[in-house]
Amino acid sequence: MNYWLFKSEPEAFSISDLAACPRKTDHWDGIRNYQARNLMRDQMKKGDLGFFYHSSCAVPGVVGTVEVVREAYPDHTALDSNAKYYDPKATVDDPRWVMVDLRLRRTFKRVISLQALKANDALAEMKLLKRGNRLSIQPVTEHEWQVIMAMA
DNA sequence: GCCAACGTTGGC
DNA sequence: GCCAACGTTGGC
């Protein structure tokens with residue numbers, strides 16, 4: 001059982017957008033970073049839980065939780081020349097990029113802001129808070145998970 | 001909009 | 001394989 005953090009810009013795809021999907025489930029497409037892809041492909045398992053994080057917005061922070069309901073499979077948007085995240089190097093035989101399906105579990109009543117996360121000493125080692133970290137999918141330790149859940 | 005930090009690309 | 005140039009991320 002692993003824990004993760006999924007970043008998304010709410011203007012592109014917010015937790016409300018996920019809530020509005022059928023069965024509150026959608027595929028997490030558009031990941032075009034090898035480190036993030038490898039985490040999805042090699043380590044992410046059905047039943048894993050994750051935080052939904054809003055970035056590049058007025059109050060960046062954790063806004064809820066999700067569950068991995070389908071493990072990594074090819075991200076077909078890489079093959080679509082009209083898609084935003086089209087990758088000309090992707091082919092049917094070698095799709096290069098993968099995605100998982102996520103189902104919304106919970107939307108927090110209030111955002112657990114980045115500011116609040118930074119102010120919590122128990123999270124000092126969290127990847128998200130390390131300088132210069134831009135990874136859009138990050139592993140979260142069980143301890144960090146518990147600490148943040150207690151802040152909700 | 002600024003800019004620091006990081007990833008990717010491509011010439012050599 | 002090096003590394004400069006460029007693009008992207010994301011907080012502020």
Span of DNA chain B in contact with chain A (heavy atoms, under 4.0 Å): B:dA5 to B:dT9
Donor-acceptor contacts under 3.5 Å from residues 50-57 of chain A side chains, at least two apart:
| unit_1 | atom_1 | unit_2 | atom_2 | d |
| --- | --- | --- | --- | --- |
| A:H54 | NE2 | A:I15 | N | 3.2 |

How would you label the contact of A:Q35 with the nucleic acid (heavy atoms, under 4.0 Å): base, sugar-phosphate, or nothing? sugar-phosphate
Which parts of residues 52-65 of chain A get close to DNA chain C, meaning a heavy atom less than 4.0 angstrom away? A:Y53, A:S55, A:S56, A:P60
Residues that A:H143 engages under ring pair (Phe, Tyr, Trp, His ring centres under 6.0 Å), provided they are two or more places apart: none
What residues, two or more places apart in sequence or in another chain, satisfy ring pair (Phe, Tyr, Trp, His ring centres under 6.0 Å) together with A:F6? A:W28
A:Y73: what forms a ring pair (Phe, Tyr, Trp, His ring centres under 6.0 Å) with it, not counting sequence neighbours? none
Can I get a per-line list of side-chain donor-acceptor pairs under 3.5 Å for residues 114-123 of chain A, giving both atom names and the distance, sequence neighbours left out?
| unit_1 | atom_1 | unit_2 | atom_2 | d |
| --- | --- | --- | --- | --- |
| A:N120 | OD1 | A:A122 | N | 3.0 |

Working to the nearest 0.5 Å, report the span between CZ of A:R32 and OG1 of A:T77. 4.0 Å
What pairs with A:N2 under side-chain hydrogen bond (donor to acceptor under 3.5 Å, both in side chains), at least two apart in sequence or on another chain? A:D48
Table please: side-chain donor-acceptor pairs of residues 78-85 of chain A below 3.5 Å, with sequence neighbours left out.
| unit_1 | atom_1 | unit_2 | atom_2 | d |
| --- | --- | --- | --- | --- |
| A:D80 | OD1 | A:N82 | N | 2.8 |

Residues passing the side-chain hydrogen bond (donor to acceptor under 3.5 Å, both in side chains) test with A:S136, sequence neighbours excluded, are none
Among all residues two or more places apart in sequence or in another chain, which pass the ring pair (Phe, Tyr, Trp, His ring centres under 6.0 Å) test with A:Y3? A:W145
Enumerate the residues from residues 122-140 of chain A whose closest heavy atom to DNA chain C is under 4.0 Å, giving them by residue number; use none for an empty result. A:R134
